[in-house]
There are 6 protein chains.
Amino acid sequence: MNPIQLQQQLEQFLLEDIGTRDITATSIFPVDAIGEGVFQAKATGIIAGLAIIRATYQSLDPNIRVVLYKKDGEHVTPGETIAKVTGSIQVILTGERVILNLLQRMSGIATMTNHAIQLLQNDKTKICDTRKTTPGLRMFEKYAVTCGGGYNHRFGLYDGVMIKDNHIAFYGSLEEAVHQVRRKLGPMVKIEVETESEHEVVTAVNAQCDIIMFDNQKPETIAEWIKVVPPTIITEASGNITLETIAAYRYCGVDFISLGCLTHSVQALDISLGRV
Amino acid sequence: MNPIQLQQQLEQFLLEDIGTRDITATSIFPVDAIGEGVFQAKATGIIAGLAIIRATYQSLDPNIRVVLYKKDGEHVTPGETIAKVTGSIQVILTGERVILNLLQRMSGIATMTNHAIQLLQNDKTKICDTRKTTPGLRMFEKYAVTCGGGYNHRFGLYDGVMIKDNHIAFYGSLEEAVHQVRRKLGPMVKIEVETESEHEVVTAVNAQCDIIMFDNQKPETIAEWIKVVPPTIITEASGNITLETIAAYRYCGVDFISLGCLTHSVQALDISLGRV
Amino acid sequence: MNPIQLQQQLEQFLLEDIGTRDITATSIFPVDAIGEGVFQAKATGIIAGLAIIRATYQSLDPNIRVVLYKKDGEHVTPGETIAKVTGSIQVILTGERVILNLLQRMSGIATMTNHAIQLLQNDKTKICDTRKTTPGLRMFEKYAVTCGGGYNHRFGLYDGVMIKDNHIAFYGSLEEAVHQVRRKLGPMVKIEVETESEHEVVTAVNAQCDIIMFDNQKPETIAEWIKVVPPTIITEASGNITLETIAAYRYCGVDFISLGCLTHSVQALDISLGRV
Amino acid sequence: MNPIQLQQQLEQFLLEDIGTRDITATSIFPVDAIGEGVFQAKATGIIAGLAIIRATYQSLDPNIRVVLYKKDGEHVTPGETIAKVTGSIQVILTGERVILNLLQRMSGIATMTNHAIQLLQNDKTKICDTRKTTPGLRMFEKYAVTCGGGYNHRFGLYDGVMIKDNHIAFYGSLEEAVHQVRRKLGPMVKIEVETESEHEVVTAVNAQCDIIMFDNQKPETIAEWIKVVPPTIITEASGNITLETIAAYRYCGVDFISLGCLTHSVQALDISLGRV
Amino acid sequence: MNPIQLQQQLEQFLLEDIGTRDITATSIFPVDAIGEGVFQAKATGIIAGLAIIRATYQSLDPNIRVVLYKKDGEHVTPGETIAKVTGSIQVILTGERVILNLLQRMSGIATMTNHAIQLLQNDKTKICDTRKTTPGLRMFEKYAVTCGGGYNHRFGLYDGVMIKDNHIAFYGSLEEAVHQVRRKLGPMVKIEVETESEHEVVTAVNAQCDIIMFDNQKPETIAEWIKVVPPTIITEASGNITLETIAAYRYCGVDFISLGCLTHSVQALDISLGRV
Amino acid sequence: MNPIQLQQQLEQFLLEDIGTRDITATSIFPVDAIGEGVFQAKATGIIAGLAIIRATYQSLDPNIRVVLYKKDGEHVTPGETIAKVTGSIQVILTGERVILNLLQRMSGIATMTNHAIQLLQNDKTKICDTRKTTPGLRMFEKYAVTCGGGYNHRFGLYDGVMIKDNHIAFYGSLEEAVHQVRRKLGPMVKIEVETESEHEVVTAVNAQCDIIMFDNQKPETIAEWIKVVPPTIITEASGNITLETIAAYRYCGVDFISLGCLTHSVQALDISLGRV
């Protein structure tokens, strides 16, 4: 994660939660009352986003000391200590909610990603994310996917071409669309095409696109269509694949399975802050 | 929702997704190719956040025309048309993902809130949200809760006092903490106290706080403890209550049940954009 | 004050004053010429906003050292030293004006608040502020009021309901307006009603609002009307009350007197920076 | 005023006051309830900042219609209508406070400036402002001074050199300081020198600075010292001159009198919004 | 170009130039004095960035009317009219310099790009840009390159991998670096490798990178080394190639020649604003 | 340079280049791999902008250590070490491009300015810049001009009046325009007039403007016209003067020669980062 973007967004999140001041903490505690707190896992999963703890407290008060006991991507179990913070009690409590909201969410994503990989049980097929992320959190969520062992698909409309069903619906010809795009691209951009029929797969192969996505297809269908795709073209299965259905895609032969659920339907991993 | 904050955050979300440009759409379509698209529900639920469609396209291109067929808080069923957009195809497709990511999330929250109300079947007990929202999206998510029929708890650390378990853990005396806070408050701020034992409930009553929250307690326990709370004090049940367990709280007698899951574990409501 | 908002706004204020560079100081002094300056009171009053001195210099140059000799809320007399700064002379002088403009204003507010309390001579009635603050400075000015011994009314349109004369003028029924609002509120929001007749006071009492404000009424009138208000409802006198007239409100019986003049007609407290 | 800076700052001010939403107005009025309001003067003075009314409502809702009946710099008397607004009642009331806070302050400044000019009764001596403005409002306040008939001194540390007492205190030689500065300046920057003794006036004249300020001197002293200043050098009286003392400076001969009180100790001009 | 980023950056540029106000134009012209101006080419070249004219004036005053007579990428000759603007003279003149500074720069880039293509006289080898752009202007400058007929290399460190000499210098093994990177990449990212010896070219080929750059090599050397590169790998010549030397690369066989000079050493194309 | 503006703009430039993350460096190097790099000149010239190296790395990682071996304004020759950086290799490489793009540009400007001074060989005539700077970089570029020995003309429309050909074209009378402006100006603002005929020069002299610019005139013409200008008025030659033509202006007698080319047609000075 870009450290400057991280810092700027954390400050925005803290402004959202704290507003003009934390009425409770500043009323109860003098600013120089010192204490120690621990962040602990309360569920089993993969931790992601630990840099957020230090960066958040750094923004609020450079005198808070943070010690991390875990690294991003490691397993945690209930009761395990993740980090210890020492400093102004007022500040420790003021920063708590923003840290937990973000850390729990990112760890939930990492955990689900890891779960998907275990369900798939196939080293040749990788799990990746989509653009169905929470607005404003893409950097955080895509990073969390990698902590869980997954891979990042494109980050936005700017770093990769994907010709989707709507592009074809409005434009007409898949083949022509690929040519149209290619005429304008520099050397670093890849072209992916969404396909919904075997005919579209063949067209995409002939148009020499870099990646072919099988959109909303059953594993058996993919296993059939993939035969016409040469090994130089990367393949991807996508469209409403979930933890319930992913195992069925184990042998369909694609290089990547992309899961929108990793980021659009997150279960937060329970983490808490307590007094030492 | 504050229209200025809405506009500013939408522009941030669009910058996140579009970056320097939408390579695909700008390569395929000339900017003056005109088309028409429809946003349609693909699942049953409550719609929330429709203002986002117009505001997003307004930011990208003032010439896009948007017609809404629904209002926030209304039910939608699969296939129902929510909105129609007419204008530059390029722009319609460039804005699609940000709109869907936000609209689906907000509608998912509204739908879950509404579901909770139906499961509870008790007009005297209201559903409300928590601060366990997605960083950066609090205004959107809290608004979605009201679209589903729920109520908003405080928005942040600045608009209400909540003395939580950690405040007591670090401070010592619940009673003294309430007094400490009250000495500093103006006329408009309410004080809520989290309680975890009947003794704490009694202390909170004696300290004349405005709201008593029963934190992580079974319905039967709450039904017992609530007897010592006078009707002038608002009561709230909170702590890991979910759609699975909420019905059990039907007759425990509290004024509000707050659900963190409404915002920290959202299921997006499926909505899509298609060509007319 | 939220330290992140403090830092961000100070940087804005410094950009406003310094622009592209301080032509005078950078032309006269080499950046490594070191000196020592003192901030001294030049009038009698209450000091408020001392955190600004360190935060401002921290933004300009982390090597400036600041020692504070006073705490917010303490009295100062002419000639008393408030703070000492050591470091680059160039930077000490570049930051001077922004610090003084803000510190003098905040100390002026604290001093006037304290003066009002002394004039009132009544521990049961508290002084509070209004939303008639300087645009962009609400957090600073409301904090200064508390340094002078006053209390904060709501911070904005978002953290409390106030049904004012214009709401009634445009809506019609005070009673109905209260019901309308109450139907939409969560547990943490209070409702205040402005009243301008005894009939409105009775209506507000019956509508069970949380706070009743007597708007622009003489002390004798308030003393009369307040009789129908039960002790569970907070009372407030407001409307063009100034230091000249406040003493007359000593025994009218309200819980709060709010003073717009504290923030809309400030007399800056004279403070200066000099060489040691 | 720069229209882009105006718009950006107004949006900041509105965010400060409205936060996530105006609970009162959005609860009472449906967004499509239409009404008409008038801004009226409630005191005698000079109006300044009328562009703020339209710009504020434009930011909140482009459908609000604003008609102005006055121009900046014109006199107003109690009861006079300044502007009429038509549109969503909700929006009219939500924007009220920010507009009034700014308009009253700017009009207060214009009125005080105009008062100073009338007290001075001397066309040859102009009134100007200082850098003792409210942090964040310099553009607004300096513009208001011109509406009242005054002139703007430099806007910040970037658009003019002023060698002040502290520069001399830390540097040593006034003469050397002027030379030091001049060696680094381009063609467009003027040099002003603060003087506190006749000897310093002579030094400043010899150093050929562009403006000489008599700092904190009695009118008689200035009338004496000014004799050695050639007409090509502009003269300025400054330092704690107020409306009470300005008349005494009528014949001291300076070109400008600068008044810090115009902006650091403002009396807001009373203006109100009412229903038509 | 992303229209939201365009608008936000233009407003920043206007704030930089106008600051608090345009003293000259606002002093000479009343805001309602209407006039008409024309933007005209004063040199021969390719125009780029015309959207800036309308967007700039739109930010300053929505009533300015702009008519464009050219499209981005078209040739212009001295005296040719590019655009006509009608509206407030004050505003037309206030916006002039920012528009010209940006338009001249972008047109200079487009013109130089086009010149390079003509000097190269080889349809199979494309001209592309680098990351040696002006800080803050990358979107504008990369867009200008496409207006001149060139192609965009990666936009930043985020949308493509380039293993450069420094990566190898610090890491050790080119081969291992490629593997290291590949293990972490999703499907949409390409890997480019800078090579400085035939051995490195072979290594890069074996590592199956997507693009091989010949860094700072003579055309003859490239023509030799390129023989070992299979047609599935894109080739690029880079490193201090200028308009003086580009023709020598005509037959070296690479797919792309990247030119840092297009953006780091721009000659502005002369354009002026005049009265009709 | 204002350190706050410097920091804010550098962070923007880093966000532009790094986006969500540096894929290459973060994939190859672990964040705790430490190394040492040197910035070296690869051409002869004047260095400018060294503060950028430390400020950039400070933003990315406070643990990077930077040692400078040069000061702004000093000569460098090929191979000379300018600065050494020690710390995380990942961070050293991530920040490289932004630093070089800015440092090379600023050093190019300083070098060209210095070259102009040497070509002019006349201590009485100073070189200054214009407003033809790169949008967003004015502070940086104007500072670089001073590093090369040049002087700054006004920074924007806000800190000096310049009545240009277009003002006259739209307004009519030069004389009247000067009067119009003067009536509104405070003590610190200078008035410059562009002249294109001897008659205009005489008019400008009579109008007692502060600076007269000879716009687009030959040296001989200037030498003739300047005779009617008294020594109290500053003179400036401007308009398409370049390094090729500047020597011809050596004896024309003006105080300043302003060169747009210094900033609108920069040749970057070659500087590189290498491993120690």
Side-chain angles (χ1 to χ4, degrees), chain E residues 9 12-13 16-25 27-29 33 35 37 89 92-94 96-98 100-102 104-105 108 131-138 155-164 166-167 169-171 177 180-181 183-185 189 264-268 273-275, chain F residues 9 12-13 16-25 27-29 33 35 37 89 92-94 96-98 100-102 104-105 108 131-138 155-164 166-167 169-171 177 180-181 183-185 189 264-268 273-275:
Chain E
Q9 290 203 254
Q12 246 184 312
F13 300 156
E16 180 187 62
D17 195 34
I18 304 175
T20 48
R21 79 274 177 233
D22 175 351
I23 328 179
T24 312
S27 297
I28 296 179
F29 301 101
I89 296 171
I92 289 174
L93 295 180
T94 295
E96 171 185 1
R97 188 78 264 142
V98 167
L100 290 180
N101 282 353
L102 202 45
Q104 289 184 349
R105 179 172 191 83
R131 278 169 54 239
K132 296 184 177 177
T133 57
T134 314
L137 295 186
R138 192 162 288 169
F155 266 66
L157 296 167
Y158 54 85
D159 66 338
V161 165
M162 191 177 313
I163 301 175
K164 299 173 68 101
N166 265 336
H167 292 105
F170 279 100
Y171 188 72
Q180 190 70 10
V181 168
R183 279 183 26 223
K184 307 201 178 160
L185 291 187
V189 183
H264 73 53
S265 297
V266 178
Q267 284 281 117
L273 170 69
R275 195 187 170 197
Chain F
Q9 290 203 254
Q12 245 184 314
F13 301 155
E16 180 187 63
D17 194 35
I18 305 174
T20 49
R21 79 273 177 233
D22 175 351
I23 327 179
T24 312
S27 296
I28 296 180
F29 302 100
I89 296 171
I92 290 174
L93 295 181
T94 295
E96 171 186 0
R97 189 78 263 141
V98 166
L100 289 180
N101 282 353
L102 202 46
Q104 289 184 348
R105 179 173 191 84
R131 278 169 54 241
K132 296 184 178 177
T133 56
T134 314
L137 295 186
R138 192 162 288 170
F155 266 66
L157 297 167
Y158 53 84
D159 66 338
V161 166
M162 191 177 314
I163 301 175
K164 299 173 68 100
N166 265 336
H167 293 105
F170 278 101
Y171 187 71
Q180 190 70 10
V181 168
R183 278 183 26 222
K184 306 200 179 162
L185 291 188
V189 184
H264 74 53
S265 296
V266 178
Q267 284 282 117
L273 170 69
R275 196 188 169 195

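Because only heavy atoms are used, hydrogens play no part in the values below, and waters and symmetry mates are left out as well, while side chains stay in. In what follows, every chain begins at residue 1, and chains take the letters A, B, ... in the order their sequences are listed.
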Considering only heavy atoms, which portion of E:Glu96 lies under 4.5 Å from any heavy atom of chain F: side chain, backbone, both, or neither?
side chain

Any side-chain heavy-atom pair of E:Tyr158 and F:Asp22 under 4.5 Å:
no

Check each atom of E:Val266 against the heavy atoms of chain F and say whether the ones under 4.5 Å are side chain, backbone, both or neither.
backbone

Go through the atoms of E:Ile18 and report whether side chain, backbone, both or neither lie under 4.5 Å from a heavy atom of chain F.
both

Could you have a look at F:Val189, F:Val181, F:Ile92 and say which one has the most heavy-atom pairs with chain E under 4.5 angstrom?
F:Val181

When heavy-atom pairs shorter than 4.5 Å are enumerated against chain F, which of E:Arg21, E:Arg183, E:Arg97, E:Lys184 gives the highest number?
E:Arg97

Among E:Gly156, E:Ser27, E:Pro135, residue most engaged with chain F (heavy-atom pairs, under 4.5 Å)
E:Pro135

Pair count under 4.5 Å, heavy atoms only, with chain F: among E:Thr20, E:Val98, E:Asp159, E:Thr134, highest is E:Thr134

Contacts of E:Gln267 meeting side chain to side chain donor-acceptor pair (under 3.5 Å) (sequence neighbours excluded), chain-then-number -> none

Selection from E:Gly108, E:Gly160, E:Ala33 maximising heavy-atom pairs under 4.5 Å formed with chain F:
E:Gly160

Please classify the contact between E:Leu93 and chain F as side chain, backbone, both or neither, with a heavy-atom cut-off of under 4.5 Å.
side chain

Toward chain F, the part of E:Lys132 with a non-hydrogen atom under 4.5 Å:
both

Contacting region of E:Arg138 [heavy-atom separation from chain F under 4.5 Å]:
both

Determine whether a donor-acceptor pair (N or O, by modelled atom type, separation under 3.5 Å) exists between the side chain of F:Gln104 and the backbone of F:Ala268.
no

Proximal component of E:Phe29, with respect to chain F [non-hydrogen, under 4.5 Å]:
side chain

Just so I understand: if I count every heavy-atom pair under 4.5 Å between each of E:His264, E:His167, E:Gln180 and chain F, which residue has the most?
E:His167

When you measure from the side chain of F:Asn101 to the backbone N and O of E:Arg131, does any donor-acceptor pair fall under 3.5 Å?
yes

Region of E:Leu185 that comes under 4.5 Å of a non-hydrogen atom in chain F:
side chain

